[in-house]
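Input: a single structure, listed below in structure tokens.
None of these values were measured; they are calculated from a predicted model.
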Amino acid sequence: MMQYCERQAVDLSGLLEQLASLQLNIKTLVAMVIAASDGSWDEAAICDWIDENGGIFAKDGEVVDFVNYVLKNTVVNQSEPIEMAQSEEKKSVSL
């Protein structure tokens with residue numbers, strides 16, 4: 001969480017508000033994985049990982065497991081697993 005907050009220039013309450021609102025988009029998800037990997041993964045590798053695991057709309061898999069783990073361990077009263085919401089954002093990253 002500290003890595004994400006430092007990289008995104010938000011405080012802990014800002015991160016918790018983002019997570020509690022369940023308004024995750026691809027940019028937020030990529031930033032969370034970069035922070036979790038301690039910067040060892042870049043955007044392209046993360047987008048490949050997302051694609052290889054069924055995309056952000058998959059009902060199960062590593063991507064949803066990652067999001068649910070973060071939510072379960074940081075957001076109060078989040079007892080039910082979430083499903084990723086449909087979005088118009090593209091997953092591809094231009095380098």
Side-chain angles (χ1 to χ4, degrees):
M1 291 180 353
M2 182 179 79
Q3 292 275 347
Y4 177 84
C5 290
E6 286 177 357
R7 292 173 186 271
Q8 298 301 309
V10 298
D11 60 14
L12 183 58
S13 64
L15 169 61
L16 294 176
E17 282 179 24
Q18 278 184 324
L19 294 174
S21 72
L22 300 178
Q23 296 299 312
L24 299 177
N25 58 39
I26 190 66
K27 285 185 173 190
T28 303
L29 180 59
V30 168
M32 290 170 65
V33 175
I34 287 174
S37 73
D38 201 19
S40 63
W41 283 23
D42 63 10
E43 290 178 354
I46 294 166
C47 289
D48 286 345
W49 173 72
I50 291 169
D51 288 342
E52 290 167 5
N53 284 280
I56 61 172
F57 305 119
K59 294 187 185 261
D60 57 4
E62 291 181 5
V63 177
V64 173
D65 290 347
F66 173 78
V67 172
N68 283 324
Y69 175 83
V70 171
L71 291 174
K72 181 179 177 186
N73 290 288
T74 57
V75 179
V76 178
N77 297 327
Q78 180 62 36
S79 59
E80 294 296 317
I82 65 152
E83 291 184 21
M84 301 300 270
Q86 294 289 338
S87 171
E88 296 299 317
E89 288 191 56
K90 288 188 168 189
K91 290 188 288 188
S92 60
V93 177
S94 56
L95 298 176

Looking only at heavy atoms, what is the nearest atom pair of R7 and D38, with distance?
NH2-C, 3.7 Å

Rounding to 0.5 Å, atoms CD1 (I46) and CG (D51) come to a distance of 12.0 Å

Please identify each residue that fulfils side-chain contact (heavy atoms from CB on, under 4.5 Å) with N53, with sequence neighbours left out.
W49, E62, V63

Does the side chain of Y4 reach to within under 4.5 Å of the side chain of T28, using non-hydrogen atoms?
yes

Verify whether one side chain among D11 and S13 offers a donor that lies under 3.5 Å from an acceptor in the other.
yes

Let me see the working for I26 and I50 under side-chain contact (heavy atoms from CB on, under 4.5 Å), right down to the final yes or no.
CA-CA 10 Å; I26 190 66; I50 291 169; 3.6 Å; yes

In this structure, are over 12 heavy atoms from other groups packed under 6.0 Å from D60 atom CG?
no

